[in-house]
Amino acid sequence: MLKSDLPHRWPAALDEAIAQTHGRFTQCIVLSETDSTQDAARRMRLTPGTIVTALRQVRGRGRLGRAWTDTAGHGIALTCCLPRTLAELATLAAPVAIARTLADFTNYAVGIKWPNDVLIQGRKIAGVLIECTDDRADLGIGINISQTDWPPELADRAISLHQLGATTATRLAVLTRLLPFLADCFKCFPHAIAAEFAARDVLTGTIATFLNHGETVTGRVESIDPARGLAVKTATGRRWLPALTTTVVPPSSAAGG
Ligand code: BTN
């Protein structure tokens, strides 16, 4: 482990980062190990404004109940508790804040694949999961920092900052950059964040298939709106797909393969 990532440095460094979030976040709890920071946040009944991160997350999850690989000291896992009213904005703000952060550590272009993937060189480097209850939204973020050995099924789909040559990037350095960016993105005008998202989005302008509440929608991706979601031009007109309830159907599945 790089010296600047040593666990005892995390609490003070994160307190300093929290102080740069202008009140959006008030506390960051550091766990040595947890199953999923999403579940930890619920168990601890964290209130909006609080963040929980773990030096190791062993049973993280992604969207659609997919597993998120054990961070095993190599990846960042955090959950930010937000008021429910920020859930829709979080779908745009979180990927944009992650992209801004990663751009500080690598010269490779950082892309976003609506709704929740952050990509570099076509591979996933970070993911976002937003789980809502009536009064809160748990924004989960996973970022790959120093992984080099991936399980076979992820070997050609995932990538870490170290694999891109940013071998001095530490989890703590990335995390402390991320928190102020995240707070900034929540303060921006939603249309400005949507425009920044769209500028990085790899789906805009392409033809893609989506699943929303059991319905399949295929069309050309036109734009992103902070309130309505993704605008898709279909054979029967424009459809709006909300980020919280829509998934992208991979091209092979869309083609029936
Ligand atoms: C996805 O790509 O489908 C979303 C991945 C989200 C992973 C993060 S890691 C921190 C938080 N805790 C979890 O169990 N999941 C999210």
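Counting starts at 1 for both ligands and their atoms, in listed order. None of these values were measured; they are calculated from a predicted model. In this chain, numbering begins with 1 at the start of the sequence shown. Every heavy atom of this structure was used, including side-chain atoms; hydrogens, water molecules and symmetry mates were not.
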**Student:** Taking 4.0 Å as the limit for heavy-atom contacts, which would you say applies to T71 with ligand 1: side chain only, backbone only, both, or neither?
**Tutor:**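 Contact part for T71 vs ligand 1: neither.
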
**Student:** Quick one about H162 and S146 (side-chain donor to acceptor, distance below 3.5 Å, no hydrogens or angles considered), yes or no?
**Tutor:** no

**Student:** Can you pull out the closest protein heavy atom to atom 6 (C) of ligand 1? Residue, atom name and distance to 0.1 Å, please.
**Tutor:** R61 O, 3.6 Å

**Student:** For D35 and R43: C-alpha separation, side-chain torsions, deciding distance, then whether salt bridge (charged side-chain N to carboxylate O under 4.0 Å, His left out) applies.
**Tutor:** CA-CA 11 Å; D35 44 5; R43 279 194 302 267; 2.9 Å; yes

**Student:** Find all atoms of ligand 1 within a distance of less than 4.0 Å from any non-hydrogen atom belonging to V128, and give their numbers and elements.
**Tutor:**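 With V128 as reference, the close atoms of ligand 1 come out as 4 (C).
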
**Student:** Give the residue and atom name of whichever protein heavy atom lies nearest to atom 3 (O) of ligand 1, and the separation in Å to one decimal.
**Tutor:** R63 N, 2.7 Å

**Student:** For ligand 1, indicate whether the residue L64 contacts it via side chain, backbone, both or neither (heavy-atom separation under 4.0 Å).
**Tutor:**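 Looking at L64 and ligand 1, no heavy atom falls under 4.0 Å.
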
**Student:** Can the positive tip of R228 be found less than 6.0 Å from the middle of the six-membered ring of W240, inside 45° of the ring normal?
**Tutor:** yes

**Student:** Examine W68 against ligand 1 and note whether any of their N/O atoms are separated by less than 3.5 Å.
**Tutor:** no

**Student:** Using a 4.0 Å cutoff against the non-hydrogen atoms of G142, which atoms of ligand 1 qualify?
**Tutor:**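 Matching atoms, with element in brackets: 8 (C), 9 (S).
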
**Student:** Is any N or O atom of T79, backbone or side chain, closer than 3.5 Å to an N or O atom of ligand 1?
**Tutor:** no

**Student:** Counting heavy atoms only, which part of Q57 comes closer than 4.0 Å to ligand 1: side chain, backbone, both or neither?
**Tutor:** side chain

**Student:** Could you find the nearest protein heavy atom to atom 11 (C) of ligand 1 and give me its residue, atom name and distance?
**Tutor:** T37 OG1, 3.2 Å

**Student:** So do the side chains of R157 and W150 get within less than 4.5 Å of each other, counting heavy atoms only?
**Tutor:** no

**Student:** So is K124 polar-close to ligand 1, meaning N/O to N/O under 3.5 Å?
**Tutor:**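 Yes; the residue has a nitrogen or oxygen that sits under 3.5 Å from a nitrogen or oxygen of the ligand.
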
**Student:** Would you mind checking which non-hydrogen protein atom is closest to atom 1 (C) of ligand 1, with the distance to 0.1 Å?
**Tutor:** N116 ND2, 3.3 Å

**Student:** With salt bridge (charged side-chain N to carboxylate O under 4.0 Å, His left out) as the test, would you mind laying out the steps for R59 and D39 before giving the verdict?
**Tutor:** CA-CA 10 Å; R59 267 191 304 282; D39 294 333; over 6 Å; no

**Student:** I'd like to check which ligand 1 atoms, numbered from 1 as shown, lie under 4.0 Å from a non-hydrogen atom of G127.
**Tutor:** 2 (O), 4 (C), 5 (C), 6 (C)

**Student:** Give a yes or no on this: more than 12 heavy atoms of other residues, nucleotides or ligands lie within 6.0 Å of atom CG of D156.
**Tutor:** yes

**Student:** So which bit of D39 gets within less than 4.0 Å of ligand 1, heavy atoms only: side chain, backbone, both or neither?
**Tutor:**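 No part of D39 comes within reach of ligand 1.
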
**Student:** Run the numbers for me: atoms of ligand 1, each under 4.0 Å from some heavy atom of G62, listed by number.
**Tutor:**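 Under 4.0 Å from G62, ligand 1 has these atoms: 1 (C), 3 (O), 4 (C), 5 (C).
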
**Student:** Would you find more than 12 non-hydrogen atoms of other residues, nucleotides or ligands less than 6.0 Å from K113 atom NZ?
**Tutor:**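 No, because the 6.0 Å sphere around NZ of K113 holds 12 heavy atoms or fewer from other groups.
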
**Student:** Do Q38 and W68 have side-chain N/O donor and acceptor atoms under 3.5 Å apart?
**Tutor:** no

**Student:** Do L164 and N107 have side chains that approach each other closer than 4.5 Å (heavy atoms only, starting at C-beta)?
**Tutor:**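 With C-beta onward as the side chain, the pair stays apart.
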
**Student:** Run the numbers for me: atoms of ligand 1, each under 4.0 Å from some heavy atom of L78, listed by number.
**Tutor:** 10 (C), 11 (C)

**Student:** For ligand 1, is R66 a contact, meaning one of its heavy atoms is under 4.0 Å away?
**Tutor:** no

**Student:** Side-chain donor-acceptor pair under 3.5 Å between D138 and T79, yes or no?
**Tutor:** no

**Student:** Do D104 and T101 meet the criterion of a side-chain donor-acceptor pair at a distance under 3.5 Å?
**Tutor:** no

